[in-house]
Number of protein chains: 2
Amino acid sequence: MTVSKTAEKSSEKSGEAGKGRKDAGEPQAEALQLGELSEQLGYVLKRAQLKVFENFLRCMASLQLTPAQFSVLLLVEKNPGRNQTEIASTLGILRPNFVAMLDNLESRDLCARIRSTNDRRSHILVLTDKGKAVLARAKKLVASKHEARLNDLLGQANREALIAMLSKVANEF
Amino acid sequence: MTVSKTAEKSSEKSGEAGKGRKDAGEPQAEALQLGELSEQLGYVLKRAQLKVFENFLRCMASLQLTPAQFSVLLLVEKNPGRNQTEIASTLGILRPNFVAMLDNLESRDLCARIRSTNDRRSHILVLTDKGKAVLARAKKLVASKHEARLNDLLGQANREALIAMLSKVANEF
DNA sequence: GATAATTGTTATGGACCATATCAAATATCG
DNA sequence: CGATATTTGATATGGTCCATAACAATTATC
């Protein structure tokens with residue numbers, strides 16, 4: 001069930017540009033049989049997730065946003081005035097690990113920590129103007145380059161069905 | 001798009017045993033709005049993947065097999081006589097990282113490295129008798145406790161549709 | 001007002017992933 | 001044949017992400 005991010009370099013040798021794939025060329029070392037692996041939920045889930053994240057990063061290259069950072073900006077925009085603990089726990093990020101993430105976003109002036117007047121322990125999170133602008137551009141990129149790709153691949157109906165099923169698995173499994 | 005493995009402890013406070021959930025009890029700190037996040041492919045994919053892996057580990061607790069180890073055993077069983085490079089690259093595992101994995105499986109007598117007579121550089125991989133037995137038990141556990149759960153949740157048809165779509169995403173996205 | 005709990009933070013360790021490098025064995029090619 | 005390049009398994013190492021313990025400042029609780 002393990003899959004890493006590096007595309008297998010071995011495939012570069014065989015199917016390059018316009019070469020009509022010779023079938024009985026060299027010994028060729030026949031491809032392995034995946035067998036039951038290709039129907040293992042966890043295996044195919046992980047592979048799909050890696051591919052999707054990989055594509056997401058490419059789409060966001062110009063904005064330099066990771067999936068995690070994008071999710072933080074989205075959530076802060078939707079829920080302004082919440083503190084670090086609330087945002088982090090909603091995303092399943094542990095508070096200690098959230099600190100460095102925010103340091104990054106804040107250093108890039110996308111997000112700001114504001115001392116709460118009610119509870120001077122907590123930091124209220126808000127998007128800066130730049131943060132809002134970047135997020136707006138990010139959304140457009142995701143919609144046009146990322147989610148649209150899923151539509152092309154599966155069709156609108158199947159895309160929605162897939163996301164609905166994944167949500168169900170995520171929440172009720 | 002980030003999700004960790006720890007279940008949010010905060011939910012333990014509210015819905016415990018048989019307590020009828022009071023709606024207007026204490027201040028309650030209203031739950032955050034996920035907004036567009038809940039329809040982000042990457043977000044829901046990652047959450048689902050974590051839940052599935054978590055459940056897999058619980059099911060395999062008695063056999064002490066991780067998803068990655070299970071995939072290795074499955075692939076070696078299906079393709080006996082292949083070397084480390086072939087098995088690893090098929091699973092998307094980099095050769096350096098595969099060494100420790102095999103050390104582990106070999107130390108538990110589940111898998112064996114055999115020097116190839118054709119090419120004395122490579123190690124042929126095979127399952128030991130114990131490895132075959134453990135894998136057989138693992139398959140039964142996965143089928144009865146893991147995959148069956150997906151059937152209960154989605155139904156047979158949807159389960160197959162989900163896996164088919166994930167395969168498509170994994171291969172063609 | 002003493003004690004407990006919460007918030008953000010630091011330090012730290014583990015798991016996983018990726019790259020460079022190496023010795024041994026093999027392949028390639030002059 | 002023999003020099004050079006490639007392949008295989010392995011080691012070392014660094015990065016990222018995840019998880020836990022602990023701490024100071026602040027607030028809640030009694």
Side-chain angles (χ1 to χ4, degrees), chain A residues 1-10 12-13 26-27 29 42 46-47 49-50 53-54 57 66-69 71-72 81-106 111-125, chain B residues 1-10 12-13 26-27 29 46-47 49-50 53-54 57 64 66-69 71-72 81-106 111-125:
Chain A
M1 294 231 183
T2 292
V3 173
S4 80
K5 287 153 203 165
T6 38
E8 31 277 35
K9 301 283 176 59
S10 54
E12 293 177 4
K13 287 182 183 174
E26 302 103 34
K46 178 98 186 185
R47 275 199 98 99
Q49 183 259 319
L50 288 174
F53 269 46
E54 194 183 324
L57 287 174
T66 67
Q69 292 167 337
S71 70
V72 171
R82 298 301 191 128
N83 64 26
Q84 296 184 199
T85 296
E86 292 173 308
I87 298 292
S89 82
T90 299
L91 291 174
I93 304 174
L94 296 174
R95 273 65 80 220
N97 299 329
F98 195 47
V99 173
M101 267 193 74
L102 272 186
D103 287 347
N104 181 338
L105 294 177
E106 202 172 19
C111 176
R113 298 184 236 222
I114 303 178
R115 293 226 85 97
S116 168
T117 54
N118 302 332
D119 185 341
R120 293 183 42 219
R121 288 171 297 187
S122 59
H123 290 167
I124 294 309
L125 298 183
Chain B
M1 292 230 184
T2 291
V3 174
S4 80
K5 286 154 202 162
T6 38
E8 31 277 34
K9 301 283 177 58
S10 53
E12 293 177 3
K13 287 182 183 175
E26 302 103 35
K46 178 97 187 188
R47 274 199 100 100
Q49 183 260 319
L50 287 174
F53 268 45
E54 195 183 324
L57 287 174
Q64 284 285 75
T66 68
Q69 292 168 338
S71 71
V72 170
R82 299 302 190 126
N83 64 26
Q84 296 185 197
T85 297
E86 292 173 308
I87 298 292
S89 81
T90 299
L91 291 174
I93 303 174
L94 296 175
R95 274 64 81 220
N97 299 328
F98 195 46
V99 174
M101 266 194 75
L102 272 186
D103 288 347
N104 180 339
L105 293 177
E106 203 173 20
C111 175
R113 297 183 237 222
I114 304 177
R115 294 226 83 99
S116 168
T117 53
N118 303 331
D119 185 341
R120 293 181 45 218
R121 288 170 298 186
S122 60
H123 290 165
I124 295 309
L125 298 183

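So you know, we letter chains A, B, ... as the sequences are listed, proteins then strands, and number each from 1.
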message: Rounded to whole Å, how long is the line connecting atom CE of A:Met101 with atom C1' of D:dC17?
response: 11 Å
- request: Answer whether the closest heavy-atom distance between the side chains of B:Leu102 and B:Ile87 falls below 4.5 Å.
  value: no
- prompt: Does B:Thr85 have a side-chain nitrogen or oxygen under 4.0 Å from the phosphate oxygens OP1 or OP2 of D:dG9?
  reply: yes
- request: Whole angstrom is fine here: how far is it from CZ in B:Arg115 over to P in C:dA25?
  value: 7 Å
- prompt: With nearest nucleotides of DNA chain C determined for B:Asn118 and A:Arg113 from heavy-atom distances, which residue corresponds to the more 5′ nucleotide?
  reply: A:Arg113
- prompt: Between D:dT16 atom P and A:Gln69 atom CD, what is the distance in whole Å?
  reply: 12 Å
task: With the side chain counted from C-beta on, respond yes when B:Gln69 and B:Gln64 share a heavy-atom pair under 4.5 Å apart, and no when they do not.
output: no
query: For the pair made of CD1 in A:Ile124 and C1' in C:dG8, what is the distance, rounded to whole Å?
result: 12 Å
field: Per A:Asn83 side chain, nearest of listed nucleotides D:dA19, D:dA12, C:dG8
entry: C:dG8
- request: Starting from P on D:dA21, measure out to CZ on A:Arg95 and report it in whole angstrom.
  value: 13 Å
- request: Please state how far atom CD in B:Gln49 lies from atom P in D:dC17, giving the value in whole angstrom units.
  value: 15 Å
statement: CG (A:Leu50) and CZ (A:Arg47) are apart, to the nearest 0.5 Å, by 8.5 Å
query: In degrees, rounded to 10°, what is the bend between the two ends of the helix from C:dG1-D:dC30 to C:dG30-D:dC1, using five pairs at each?
result: 20°
query: Between B:Arg95 (side chain) and B:Thr85 (backbone), is there a donor-acceptor pair under 3.5 Å?
result: no
query: Below 4.5 Å, heavy atoms only, C-beta onward: do A:Arg113 and A:Leu125 meet side chain to side chain?
result: yes
query: Roughly how many Å is it from CZ in A:Arg82 to C1' in C:dT7, rounded to a whole number?
result: 15 Å
field: Validation row: A:Leu57, A:Pro67 side chains within 4.5 angstrom (heavy atoms)
entry: yes
- request: Look at the side chain of B:Pro96 and decide which nucleotide, out of C:dG8, D:dA12, D:dT8, has an atom nearest to it.
  value: D:dA12
task: Could you say whether B:Asp119 or A:Leu102 is positioned toward the 5' end of DNA chain C, judged by the nucleotide with the nearest heavy atom to each?
output: A:Leu102
message: I need the CD-C1' distance between B:Glu86 and D:dT8, as an integer number of Å.
response: 11 Å
- request: Find the distance between NE2 (B:His123) and SG (B:Cys111) and round it off to the nearest 0.5 Å.
  value: 11.5 Å
- request: For the side chain of B:Arg121, starting at C-beta, report the closest nucleotide among C:dA25, D:dC18, C:dA18.
  value: C:dA25
message: Between B:Gln84 and A:Arg120, which residue's closest nucleotide on DNA chain D lies nearer the 5′ terminus?
response: B:Gln84
